[in-house]
Amino acid sequence: MNRKQLEKLGVPAAVVAVALRGVGRAVNAGGGVRGGALREQVAAVLATPHDYSQDQLWGEFAQSLVALNDLPQREPIAYRVWEATSPADAIDRAAHRQMADACRVPAAVGAALMPDAHVGYGLPIGGVLACANTVIPYAVGVDIACRMKLSVLDLPAETLTTRRSHFKEALLGGTRFGVGVEHHPKQQHAVLDADWSVTRITREKRDTAWKQLGTSGSGNHFVEFGELILARRDESLGLDAGRYTALLSHSGSRGVGAAVCATYSQIAQRLLPAGYADLGRLAWLSLDSEEGQAYWAAMNLMGDYAAANHAVIHRLVTKRLGAHVVAGVENHHNFAWKETHDLEGAGSREVVVHRKGATPAAAGVLGVIPGSMGSPAFVVRGKGVAASLASAAHGAGRRMSRRAARDRFRFAAEQRRLADAGIEVLSAGADETPGVYKDIHAVMAAQTDLVEVLARFDPKIVRMCGDGSRAED
DNA sequence: ATGTGC
């Protein structure tokens, strides 16, 4: 086992080196412990370190864990969990451990874990954390303002079948995928006139942002056409019951957002108090500090930039299609907002709510929750549940790593299977095949108290980043 | 998720 595997199991960074020595002893012990049995032993020590403090193999690791836990710190806050009932869609232990770590952040005042939760950097994906006057760059995420945008088009649903090649051409011609990918010529949008000098990093990266405006990146990002089905008329959507053609995109703030995250998390990590060093990427910035104010300004600019990014994608694709937009829904799902909440009935106060892979779900607010290329997305209306900090899941949530997915699935075979089901995938990798995700229906069933479903979107023509233009890992 | 550095 290596450092990465131990951290994935939930071993705090501060004691990984000690844990590695324990692993070495266990491997070299008579009979040699390996693989799954080794992981189980590490997990057992993590769960109840006091029971192992005199253990020949694990005593040193257990004592370090006890010492770490005994550091004088505040009592962690509690977090509420929404979770699918099916074991295959459950939230793994490592994501819980990350959420529990986030609850030790001194400024934390409210927390919740959504049913699509899985391990991320710092806060888990699907984590919601409210802090007093404090922002955590990695509780927003690397891809600041990663978001969804759905445009309902003035084309009959049947045209997705009868004019399929026309839709494919629009998708292939109007979108760009890949790490570092740019548009030539550069696209235009009013966000370029915003004040990019709010921080050094946004000032220096403005030209990169301009070149990348209207691109989709890699990973789980996609642009797809599908059929939107409304069971009844909805006034907030402004649509009658029926079947529609719709365009759905998932993208964010590209390289510039990642640079903002890296810059300000590094500053925050240098400022971490010694007793909290193991919180690592959960490092925070006070909004009273110059750095905190700078991050907040840059984050909000990235929010506008990511929204513009989607607007350009939809503009380019619908123009090639010759279609017009008759309705739309969009939302950030990696962001932080200043909101007023009544936490634990202690009265209303303004807090910073981080949603990292979580959909804003205040009462009446519309959002889009995608499943996968082979399963539906849902247009939802929030119910404003206080205990979830007015949040919901942002998707199905991964159930296996990208590497595990590439070992298990072959994309060409998955592509044929999807084609048989009437879904044409123009490009993607095996690590985004439907089987790598939890069951979106199980995830939606776990949050019926948080959101109401208004419409269902079935993907028909999908474009994601192909294998030729992605990073190795 | 990203793009640079190994």
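Every chain is numbered from 1 and lettered A, B, ... according to where its sequence line falls, protein lines coming before strand lines.
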key: Check: A:Tyr305 main-chain N/O paired with A:Asn309 side-chain donor or acceptor under 3.5 Å   = no
ask   = Going by atom types only, do A:Tyr79 and A:His96 share a side-chain donor-acceptor pair under 3.5 Å?
value = yes
message = Between A:Arg164 and A:Glu424, does any NZ, NE, NH1 or NH2 come within less than 4.0 Å of an OD or OE carboxylate oxygen?
response = yes
request  = Determine: side-chain N/O of A:Arg254 to OP1/OP2 of B:dT2, distance under 4.0 Å, yes or no.
outcome  = yes
remark   = note: A:Ile144, atom CD1; B:dG3, atom P; distance rounded to Å ~ 13 Å
task = Mind calculating the distance between NE2 (A:His221) and P (B:dG3) to the nearest angstrom?
result = 11 Å
message = Check this for me: does any side-chain nitrogen of one of A:Arg97 and A:Asp92 sit under 4.0 Å from a carboxylate oxygen of the other?
response = no
query = To the nearest Å, how far apart are A:Arg147 CZ and B:dA1 P?
reply = 17 Å
key: Between P of B:dA1 and NE2 of A:His118, the distance in whole Å   = 8 Å
inquiry  = If I take atom CG in residue A:Leu123 and atom C1' in nucleotide B:dA1, what distance separates them, rounded to the nearest angstrom?
reply    = 16 Å
task = Take atom CZ of A:Arg176 and atom C1' of B:dT2, then tell me their distance rounded to the nearest Å.
result = 19 Å
task = Give the rounded distance in Å between these two atoms: CD1 of A:Ile201 and C1' of B:dT4.
result = 13 Å
query = Does A:His250 place a side-chain N or O at less than 4.0 Å from the phosphate oxygens OP1/OP2 of B:dA1?
reply = no
inquiry  = How many whole angstroms separate atom CZ of A:Phe177 from atom P of B:dG3?
reply    = 14 Å
ask   = According to a strict under-4.0 Å criterion, is A:Gln212 in side-chain N/O contact with OP1 or OP2 of B:dT2?
value = no
